[in-house]
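Just so we're clear, the structure is a prediction, and the values are computed from it rather than from any experiment.
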Amino acid sequence: MPLVTSEQMLLDAQKGGYAVGAFNVENMEMVKAVIQAAEELNAPVMLQTTPSTVKYGSLETYFGIVSAEAKKASVPVCLHLDHGSSFELAVQAMKAGYTSVMIDGSHEDLENNIALTKRVADVAAACGIPVEAELGKVGGKEDDLEAEADTNTDPAEAKVFVERTGVSSLAIAIGTAHGFYAGTPVLDKERVSQIKEAVPVPLVLHGASGLSDEDVRECVKRGMCKVNFATELRVAYTDACKKLLGEKPETFDPKKLGTVGMEAVKELVKGRMKVCGCDGRAK
């Protein structure tokens with residue numbers, strides 16, 4: 001089917017008490033793997049690209065790959081700009097055909113974050129495109145943005161932020177970090193429940209790679225409606241290629257590397273979809 005926006009799938013997740021898995025993809029093989037996983041589990045799915053991935057390829061290239069694969073799929077597929085770094089990039093993504101965008105103003109102070117987010121949300125609303133924003137700072141590094149310390153999202157600020165910006169979903173900080181964790185993460189899960197009570201829009205969990213299944217499930221139970229996975233997909237893909245080259249160093253055909261990479265990513269994605277509870281939820 002054609003690409004769909006993230007709005008209805010996240011509202012369905014909010015109502016149904018599960019989360020949609022959102023997976024960062026870097027190439028054709030990862031796109032195919034994620035959509036195959038969604039097909040096999042009958043799950044709605046979001047595929048994401050960050051600014052650095054877009055710089056590596058282009059918005060048009062990733063739209064072309066994802067839209068072509070989505071047309072062959074029987075489940076809803078959304079293409080999302082993850083961590084949009086500027087108003088200009090968010091608008092370019094919408095023009096290129098992306099069906100959901102994130103504008104990340106979390107590195108700004110509250111007023112500047114609100115101003116930037118509202119500017120994007122106003123344009124997106126005219127195009128029928130939902131917008132995700134981030135409030136608070138998720139630790140670790142995502143592309144060129146690096147948080148020096150975790151600053152968890154304040155529920156009262158979240159309420160004001162959503163009211164003033166008109167965003168469709170909100171990524172919140174509860175102690176997670178981008179990339180893998182150096183130690184055991186300590187998550188403020190109660191804060192998820194508090195923010196869920198304060199704002200009407202679906203909540204988003206960033207930095208899920210490396211979290212335990214139990215942590216993800218509890219966050220979803222408390223109100224997370226979208227869960228992002230990135231680093232662990234990259235690791236699964238490259239580890240599978242390394243394994244093949246270790247066993248058969250004479251391998252030179254990229255298709256053979258892509259085949260084992262796809263299978264590894266697909267199995268990982270299926271596991272994460274089941275943890276999020278979105279399997280069997282495609283409409």
Donor-acceptor pair, T259 side chain versus K255 backbone, under 3.5 Å?
yes

Can you label the angle between the F229 ring and the F23 ring as parallel, tilted or perpendicular, going by 30° and 60°?
parallel

For the pair T153 (side chain) and L135 (backbone), establish whether a donor and an acceptor sit closer than 3.5 Å, ignoring hydrogens and angles.
yes

Donor-acceptor contact present, side-chain Q14 to main-chain P200, <3.5 Å
yes

side-chain hydrogen bond (donor to acceptor under 3.5 Å, both in side chains) evaluation trace for E7 with S168
CA-CA 7 Å; E7 186 167 19; S168 307; 4.8 Å; no

Does the side chain of V204 come within less than 4.5 Å of M224's, by heavy atoms?
no

Report yes if some heavy atom in the side chain of Y56 is under 4.5 Å from a heavy atom in the side chain of E26; otherwise report no.
no

Kindly indicate whether the side chain of T53, heavy atoms from C-beta on, has any atom under 4.5 Å from the side chain of V25.
no

Let me confirm one number: the CD1-CG distance from I65 to L79, rounded to the nearest 0.5 Å.
10.5 Å

Taken to the nearest 0.5 Å, the spacing of S100 OG from L3 CG works out to 11.0 Å

Verify, without hydrogens or angle tests, whether T5 (side chain) and T99 (backbone) share a donor-acceptor contact under 3.5 angstrom.
no

Residue K189 excluded, over 12 heavy atoms near NZ under 6.0 Å:
yes

How many angstroms lie between CE in M9 and OG in S6, if you round to the nearest 0.5 Å?
7.0 Å

Charged N to carboxylate O below 4.0 Å: is that the case for D122 and K118?
yes

Within-4.5 Å side-chain heavy-atom neighbours: D12 and R281
no

Give a yes or no on this: more than 12 heavy atoms of other residues, nucleotides or ligands lie within 6.0 Å of atom CD of E190.
yes

Working to the nearest 0.5 angstrom, can you tell me the gap between K196 NZ and C225 SG?
7.5 Å

Under 3.5 Å donor-acceptor, N152 side chain and G175 backbone
yes

Got a donor-acceptor contact below 3.5 angstrom from the R217 side chain to the C276 backbone?
no

Verify, without hydrogens or angle tests, whether S67 (side chain) and G64 (backbone) share a donor-acceptor contact under 3.5 angstrom.
yes

Under a 4.0 Å threshold between the charged nitrogen and the carboxylate oxygen, would D213 count as salt-bridged to R272?
yes

What's the verdict on side-chain hydrogen bond (donor to acceptor under 3.5 Å, both in side chains) for D82 and N24, showing C-alpha distance, side-chain angles and the deciding distance?
CA-CA 8 Å; D82 188 28; N24 286 56; 3.2 Å; yes

About how many Å separate NZ of K266 and CD1 of I35, when rounded to the nearest 0.5 Å?
13.0 Å

Hey, is the main chain of G84 close enough, under 3.5 Å, to the side chain of D104 for a donor-acceptor pair?
no

Between CD of Q48 and CG of N228, what distance do you get to the nearest 0.5 Å?
4.0 Å

Within-4.5 Å side-chain heavy-atom neighbours: C219 and I174:
yes

Does a donor on one side chain and an acceptor on the other come within less than 3.5 Å for E132 and H80?
yes

